[in-house]
Structures are given as C-alpha cells and as structure tokens.
Amino acid sequence: MPDPNNQEIAQILTEIASILEIQAENPFRIRAYRKASLVIANLAKPLSIVYQEEGEKGLENLPGIGKNIAQKIVEILETGGLAQYQQLQQEIPPQLLHLVDIRGLGAIRLRTLHEKLGINNLDDLKKAANGGKIRQLPGFGEKSEENIIKGVTDYEKHVGRYLLVRALPYAQELVDYIRQMSGVAMVEMAGSVRRRRETVADLDILVAGKPDIPLYNHLKGYNKIKEIPAHGETKITLVMEMGIQSDVRLLAPESFGAGMLYFTGSKQHNIALRRRALERGWKLSEYGLFSGEKRIAGVTEEEIFRILDLPFIPPELREDQGEIEAAESGRLPRLIRQEDLKGDLHDHTNHSDGYHSLEQMAEAAKNMGYQYLAITDHSKSQTQARGLDENRLLQQIEQIDQLNANLKDFRVLKGMEVDILKDGSLDLPVEVLQKLDCVVGSIHSYFNQPKEETTARMIKAIRSGVVNIIGHPTARLLQEREPVELDMLEVMKAAKKQGVVMELNAHGNRLDLHDAHCHLAKELGVKISISTDSHNCLQLPVIQYGISTARRGWLEAGDVINTLPGDELLKFLRGQRKDRDTQF
DNA sequence: GCCGTTTTCGGCCCGACTGTTTTCAGTCG
C-alpha cells in the first residue's frame, strides 16, 4: 500500500486493536491503538506531510501517538506495510475481526463463539444464531441470541457503504492523480460524494478527454488500487485498497457538463430535469441537451440549467425535494459556506475527555479564522469522560476569564455540555449553569427509552430555561448506533417556542441533526448551531462535513447562529435566557 | 501503548445496564 493516507493508517491501527482484543491482550494497550486511530482518522493534515516536515518527532507530538506507534506509522509510510499487522492477521481468521463491529458482540464473546462453535465469519454467525446454537452456550441465552440476530441485521444495513468522511479523501486523491495525466481536459467527482451524502456506496469520477487517451494505463499505475475488475472504452471500474469501488468514466469534452449532471444525480432529480427538457421539446441525456439531432448544450452544467431557464442548482440540493420548483421561482437558498462561520460552539478540553488545553483549543480556533470558541466540557455524570462537577466548572470559568483577559480579537465562551438525565433534568444546578455563556444540553445515556419518554425528556430540557443548544439531538452514530426514538416535530416546536437552538453536530459519524431535520428546522424557524464537538484541536476542520449537511438541509447563513459576529452572538445567547418563557 | 512526572514506572474508563445466573461477566458510553 504505497502512499497510505490517514484513513488507511487509522484502519490498520483499528484492526490491530480488534485483533489484540480478541486475543485478550492488555486492554490499555488496545485502547492506545484505538485512540491513536481515532486521532489519525480525524486529522486534517496528511501524516505523510507531518512526517516529511517534522520527521518522526512530529508524529510523536500528535495526541495519543507515542514513540511506538510513531515508529509503526513510519514503517507504514516508508514500506507501505507493517510487519506486526501482517503477523497478527495470520493469527486470526480474516473475517472474524470485522464481527466486533456488531452491536452486542464484544471481543470476548466473539472469541467464545469462535472457539466453541467454530464461527469465523458473518455467515457462520447467522447460521449459528438462526439455528439456536448460540443460546446453548454457557453465558449466552435466548435473549443474547436475539440481540445478536438484531445486531447482525443492523450491521448488514450499512455494510458496503462508506462514511463520507472516509470516502471523500479517496475521491479527492483519485481526482488529483488523474489530473496529472496529459490530455485530460477536466476531472471531477460526481455521484453521491459530490452531493455530499452522509454515506456513499461507491465513487464516480468523470474525465473529459479525447477517446484515445491512455486512461487505463495511467490508472493501472495508481498505487491505491487493489484490482481493476472491468475496463471498457469509456468506463473503468476500480476497487480501491480499502474496498470501495470507483467508476471512472471518460467523456467527450462537449458532453462533460451533461455527464456531470447525469452522474451526479440524484436519479429523481435527473428524471425531473429530463421531464422539463421534454416539455420544451428537447431531450436531455448524459451526452447533452438535444433539439432533434442537434446538441444545444452539454459542455457545462451551468449552460444546461440556463437553457432550461434555471439557475445553477448546487449538487447538495439535487434530491428532487423541491429544488427545481424553488429554482424556477427564484427561491433557491443562498446556501451557507464554511467561510460564513465565525466560531465553533461545542468543544472539549483536557478538563474532561478532550486532549488539548483551553489555550491550545483557543489558539487553534483562532487559526481557523474564528472569532470565538465555546468550551463545553462534559458534566459530572459522564464519569468515564471525567465530567466536571460544580467546583471544577467554577474553576474553569475563572481560567477562561483570565485567558480572555489576555486574548485579543478572540473570545473563549464559557460553556458546558451538560447531560440531560434520564428524567429530563440537568446534571448540574440551573444556578451554576446560568453563569455560563453557552449551555449545550445532550443525551448520553438511556438511549432505549420509549419514544414518548425521550420526547418528554428532551422537551423538559428545552424548558429548563438555561439550555441554549440541544447537542447531537438524536445521539446517533452512523453505522454504529441507531438514533434514539424521538418525536422530532414536537421537540422542534418546543425549541421554537423556547428559543432554543438545535445543533448540527459536524463530527463525521454523527452529522446530527441530519439534512432533512435541518430542513424541518428551517421551515419551523428553529435556529441551528453547526459545531464539531472537537476533542482536540486537530478536529476543528471536520466542520466541513457539518457545512455539507447544512447545505443539504437548505440552510443559509442566517439560519445558523455561529455565523453571527462575536458580540452579536453573545447578545443572542443572553437574549435566549431573558426572552424565554421559563418553567423550572 | 501513551502519558506525565514528585522522570522511568504506575495509572489509564468507571459506572450502569443487560442477561444470565443466583453473584457476576460482558458490553457500552
């Protein structure tokens, strides 16, 4: 695996952790690999560059990465592989370690299943569970078996799809690689990656050039490819190292725009556009917009839209969710852009489970071009995250005051991510929370409550009088945990009434609220905060995925509170409490 | 395996829930 990127390196470390776990290794050692993997997966800067610029020392300076793992990273970067990893892979059936991703099934029970029932892969597991074999094992029972079957069903739902945060860097690298080739006029990514869907099944890359350019030969030389299962004159199918499939298509330059439109989709959007062309007596295909035999447009998407009497519709909106009607009547939103954001309102430090200090986080946020950063560490019931109790919070408030006194043109907001407890009450007294600039209320426990209970719990928090923002409202983890059952409409209505903001958590496996929820919020007039939930300063750039989701949810700068300049934001946050119909 | 330090070794993610078992192991957040 030459030139491994951060995702690939992170994946190796995760797999090492899983294997060690099945082997019942030292849990702290396992955790160290997991943590390092997480840090790398969320790192904006490629490790190869870090290594190039600062050497092994630079790698060691990253949070969670010490001498040992730094050396392994160097080995991966320089040789494309890792001896220890290859060794470990020999010791475990290759499919087995993926099964730890199934909910309810940890490494220990997986080992038991492997040893007692000879389970080596998903099929074995399904057969054993459906055949009632698992319930007979000591320590397992009927219920365990049921849970495993349910876990397998959830697992199968997302198998074969990739998180945007993982897929996008691949697509970008492939585009960059093809761009180096001479004779290539244009290269762009299309498909659901371009629409920035939260997960994608494959990558679509479009290339404009003459039909005789040696695209296949060029791609054969790409070192990230595992195999090329098919190649014709206009389409080459690649399987990338990490398993994701990529279709590279060669188009004539005169139909490149039509191809972009066609292959970006969505299917429903394309159908609607083709209907529109038909109504005008034309035909729209991936080769162009035609009047009879004559191509009247096709080089660019803009040109095709224009001839169809439409303004350019941003790819994120192309889901046939009313975007064509909106475009027609001049009501397309001016979608929010990353540069509209003035700060991040949900971030952790080493006071709880973050890695960097207050000062480091502030510095990093300033370097992002922000005016402010809210520090929202966990509250005390999050013991595993070393959540803050009242006293530690008061100390942090003092520290932030001192820090702010020394900062110019930047402000750290005093905040907390306070737990919304089982009954909807908050984890710290309202009088303490009132001392803060920005209170994010989040659910971190009892995810399985019935819908009515969770809804009531959220609404109670919204009515607390002190919560400014509801954090990651559905608590889902993409491909890991289903969202809590919640009447989102009722919650949003309550939020609107109380002037409480809903968060769009930008973390790559949260994206919570999701796009449709954002759209709903906009319709109801509920304001949104787009924040990263960063646990170290290297995570701040994942804000881009929040922005993508917001754009898919039709949000404009005015819908998002952290587009406000610092002083206006503070006024807004203070006004939230004052204006509120408080019920304790 | 990382980290921090009272610097080279000890602490690190603890508490709750679930299901199985009848006092606790495994899993999760």
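A note on names: the letters A, B, ... follow the listed sequences, proteins ahead of strands, and every chain is numbered from 1. Atoms considered below: every heavy atom in the structure, side chains included; atoms not considered: hydrogens, waters and symmetry mates.
Distance, Glu482(A) CD to dC28(B) P: 14 Å, rounded to whole Å. The separation between Phe447(A) atom CZ and dG29(B) atom P is 6 Å, rounded to whole Å. The distance from atom CG of Asp389(A) to atom C1' of dC14(B) is 16 Å, rounded to the nearest whole Å. Atom CG in Asn350(A) sits about 11 Å away from atom P in dT5(B), given to the nearest Å. Taking atom CG of Leu105(A) as the reference point, atom P of dT18(B) lies 18 Å away to the nearest angstrom. Rounded to whole angstrom, the span from the CZ atom of Arg510(A) across to the P atom of dG29(B) amounts to 10 Å. Whole-Å rounding puts the Leu38(A) CG to dC13(B) P distance at 15 Å. His378(A) has its NE2 atom 13 Å from the P atom of dC13(B), to the nearest Å.
Of the candidates dC17(B), dG19(B), dG1(B), the closest approach to any side-chain atom of Asn26(A) belongs to dG1(B). Comparing dG29(B), dC12(B), dC13(B) by their closest approach to the side chain of Arg386(A) singles out dC13(B). Each of dG1(B), dC28(B), dC3(B) was ranked by its minimum atom distance to the side chain of Tyr355(A); first place goes to dC3(B). For Arg481(A), counting side-chain heavy atoms from C-beta on, the closest listed nucleotide (dT27(B), dG29(B), dG1(B)) is dG29(B). Comparing dT27(B), dC17(B), dG29(B) against the side chain of Ile108(A) picks out dT27(B) as the nearest.
Nucleotides of DNA chain B nearest to Ala36(A) and Arg109(A) differ in position, and the one nearer the 5' end is that of Ala36(A). Residues Ser144(A) and Lys422(A) each lie close to DNA chain B; by heavy-atom proximity, the contact nearer the 5' end of the strand is made by Lys422(A).
In summary, the aromatic rings of His472(A) and His444(A) are positioned with their centroids under 6.0 Å apart.
Rounded to whole Å, the separation between the P atoms of dT20(B) and dT27(B) comes to 13 Å. Comparing dT21(B) with dG26(B), their C1' atoms are spaced 13 Å from each other, to the whole Å. Here the separation of dC9(B) from dC14(B), taken at their C1' atoms, is 23 Å to the nearest Å. Comparing dT8(B) with dG1(B), their C1' atoms sit 15 Å apart, to the nearest whole Å. Between dG11(B) and dT5(B), the distance separating the two C1' atoms is 12 Å to the nearest Å. Nucleotides dG29(B) and dT23(B), compared at atom P, are 29 Å apart to the nearest Å. Across the P atoms, dC13(B) and dG4(B) are found 12 Å apart, a figure rounded to whole Å.
Taking the charged nitrogens against the carboxylate oxygens, Arg457(A) and Glu452(A) have no contact shorter than 4.0 Å, which rules out a salt bridge. For the pair Arg551(A) and Asp515(A), the salt-bridge criterion is not met [side-chain N within less than 4.0 Å of a carboxylate O].
With a cut-off of 3.5 Å on both pairing distances, dT8(B) has no Watson-Crick or G-U wobble partner at all.
At a threshold of 4.5 Å between non-hydrogen side-chain atoms, the residues Gln87(A) and Glu91(A) count as touching.
By the rule that a glycosidic angle within 90° of 0 means syn, dT18(B) does not qualify and counts as anti.
Using a 4.0 Å heavy-atom distance criterion, Leu62(A) is classed as a sugar-phosphate-only contact. Looking at heavy-atom distances under 4.0 Å, Gln382(A) makes no contact with the nucleic acid at all. Among the atoms of the strands shown, only primed sugar atoms or phosphate atoms (P, OP1, OP2) are found under 4.0 Å from some heavy atom of Pro63(A).
The aromatic rings of His535(A) and His378(A) sit tilted relative to each other, their planes meeting at an angle between 30° and 60°.
Heavy atoms of other residues, nucleotides or ligands lying less than 6.0 angstrom from CG of Asn367(A) number more than 12.
Checked options His351(A), Gln396(A), Arg386(A), Arg392(A); the residue passing with Asp377(A) is Gln396(A) (criterion: side chain to side chain donor-acceptor pair (under 3.5 Å)).
Side-chain N/O atoms of Asn147(A) include none lying less than 4.0 angstrom from OP1 or OP2 on dT18(B).
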